[in-house]
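Right, one structure below, let's go through it.
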Amino acid sequence: MNSLVRRTKQLSLWRTYCVKYSAPEASSPSRNAGRSNYEEFIGHHQRQARRSIVVQVSSEKSYAELYNYCSRFGSILAAHHYCVRQDEALHYVLLEYAAPDEAAAAIDAGVSNGELAGVPVRSPFLWFRAAAAGGRRGPKLAPNLQLTPPNLLSLDGTRQMEQAHLLAIMRSAPGIEEQVQLLHEHTRLNELGIRMRFLAALQVQLAIAGMFPAAQAQPFGSSVNGFGRMGCDLDLILRFDNDMGARSPLEASAEPSRLVYHTKENLSNGRSQTQRHMECFGDMLHLFLPGVCHVRRILQARVPIIKYRHEHLDLEVDLSMSNLTGFYMSELLYMFGEMDPRVRPLTFSIRRWAQTSGLTNPSPGRWISNFSLTCLVMFFLQQLRHPILPTIGALAKAAEPGDSRVTEDGISCTFARDMERVGFKSRNQSSLSDLLLQFFEFYSQFDFHNRAISLNEGRGLSKPDHSAMYIVNPLEQQLNVSKNVSLEECERLRIEVRNAAWVLESEVESASLPEGEGERQELSWGLLNLFKHPEKAVIRPNMFFKPRMVEVSDLFEEKEAAGPMSTSAITYKNGSVRQQVQSIKAATRSELKQLRGSASSASTNSPKNRRSSR
Ligand code: GTP
Ligand code: MG
């Protein structure tokens, strides 16, 4: 291992990356033959959030004083420091107590800020103000009574690694395999990031607990499915009833109560009622919840959401109330990630490649989303000759009564949760770099024009409509996950996977050559050559159909008419080279023709496509 990698390992001591660093406690998720169960993972973090508070401090140097002050409420198990950088860095410490009532005691000891004319809301977000001169707010502890706090588990724990630093680490890795692993290790959402997201969820839940004691605000999406990177947004689902997860045997067998709550009847239909509730809820978040700002309501979308920013957690949040399939989909992705250690690193590299190629973009649009791209990776891993992942159909088949989950609109999200019971074992031994190359090769060949991707069956199906890309929604099989993807974006994907296959193939070859190892640290090599310069990766939705395209076809068609042996001024002396050039031209010509054909058929079928393919 070279010195840069060693130095980075030391550096990572001040950052916490994974669960193994978290404080020991009774409720840590049990391991199922080395794998965590999703519901236990979620439950563990929910309980942890109930034992936690977040306190703003003037700097990390206040930690010892804060620890001593807050220890009066209970035993502190763990402490993490992080910064929110706006004009200046604001410092926070997340404290985890041993029991929820200890955290509650600390919160109850809070007072409202007399200097601000704000609403005095009780929440786990607090500020550690300076002790008053003369000790008016309580005597200082004598030095011999001061507790020595345990080390902070994170210092500046949400800081993302600088791009240059990350690239330097990857450059000095011994091979492409290690580059893929390092990228995953240094960019994935860390333990502190997960804790903070569960605290954001708890804040929402506590805010309405009086009226809705059974309400549940649950993180889903990349924050919890194991595919999230540092700084990813938080997808949150709020349910007034606790209808997520299995009913315990006790609940199932309990005698129905004869005391029934009086209830206001909703006369409007389900959707407009949800929109009305969300509107009202958006106002409440905006007016009362500390840290919540920039509240936006997007209520006309298929899944209505409220977007907001949490300034104490440095977090963008999407809150929905009616998307339980998204929640269960996160469970499926979590399980896939747990099934084989190659799944997550591979997906991270592919997501990064897509981001730097401008194929994905944080805002929604006509390009492929990270979720659809993740589905492409999962499908690729299912359809291999020796599959690395089972089909969703196989998981559904292995389900037992305890796995039964049905959403309120009757969508079945039933599949086996116990991975051992599924009994799937992969015989695939491919390395990460081989899999990456195979992924690009597979999609360079994939017939997006005629085939739909089904993760339920792990094979291509004939496409039921003219969408440019069709990924059968695993939990609502009549829907297409990638319906938003335009023909231009699908073509861009095909071009980019082809380029990537070409680049990676030569990288794999040169990585196996013994010479030039010294130069590697200076050069961009291996995975790095797949990642284009981020500044250059801009979304250009109509790029493929711009007039430039016509010039390309001119090159292949009109000039050809001047003579088969000469395009521009080139004369081919070698017959086999001439033949190769001609066959490349013929293939490109037929592709262009196919492309035009599919563009015009899509444009006659979709008014949206007609606009963009002009
Ligand atoms: P990033 O936010 O880009 O990091 O990824 P993400 O996985 O969180 O994606 P996104 O925020 O777009 O969606 C959140 C989650 O909702 C996904 O992880 C899925 O679990 C779920 N989801 C999104 N789109 C669909 C869909 O079309 N069908 C289903 N069943 N679930 C979806
Ligand atoms: Mg998300």
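Both ligands and their constituent atoms are indexed starting at 1 by order of listing. The first residue of the sequence shown is numbered 1, and numbering continues consecutively from there.
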Tell me which protein heavy atom sits closest to atom 2 (O) of ligand 1, plus the residue, atom name and distance to 0.1 Å.
D233 OD1, 3.0 Å
Does a donor on one side chain sit under 3.5 Å from an acceptor on the other, for E191 and H80?
no
Let's test this: below 2.8 Å, count the protein N/O/S atoms around the Mg ion (ligand 2).
2
Please state which protein non-hydrogen atom is closest to atom 25 (C) of ligand 1 and give its distance, to 0.1 Å?
F371 CE2, 3.3 Å
Closest approach of any protein heavy atom to atom 16 (O) of ligand 1, naming residue and atom:
F220 CE1, 3.4 Å
Is E316 near ligand 1, meaning one of its heavy atoms is under 4.0 Å from it?
no
Heavy-atom distances under 4.0 Å decide this one: backbone, side chain, both or neither, for Y328 against ligand 1?
neither
Return a yes/no value for G326: is any of its N or O atoms, backbone included, closer than 3.5 angstrom to an N or O of ligand 1?
yes
Heavy atom of the protein closest to atom 4 (O) of ligand 1 (residue, atom name, distance)
S222 OG, 2.8 Å
Which pairs pass side chain to side chain donor-acceptor pair (under 3.5 Å) with one or both residues in residues 228-239, sequence neighbours excluded?
R239-D243, R239-E408
Quick one: does G228 get a heavy atom under 4.0 Å from ligand 1?
no
Which atoms of ligand 1 have any heavy atom of N370 under 4.0 Å away?
3 (O)
Please determine, by modelled atom types, if N428 and S426 share a side-chain donor-acceptor pair under 3.5 angstrom.
no
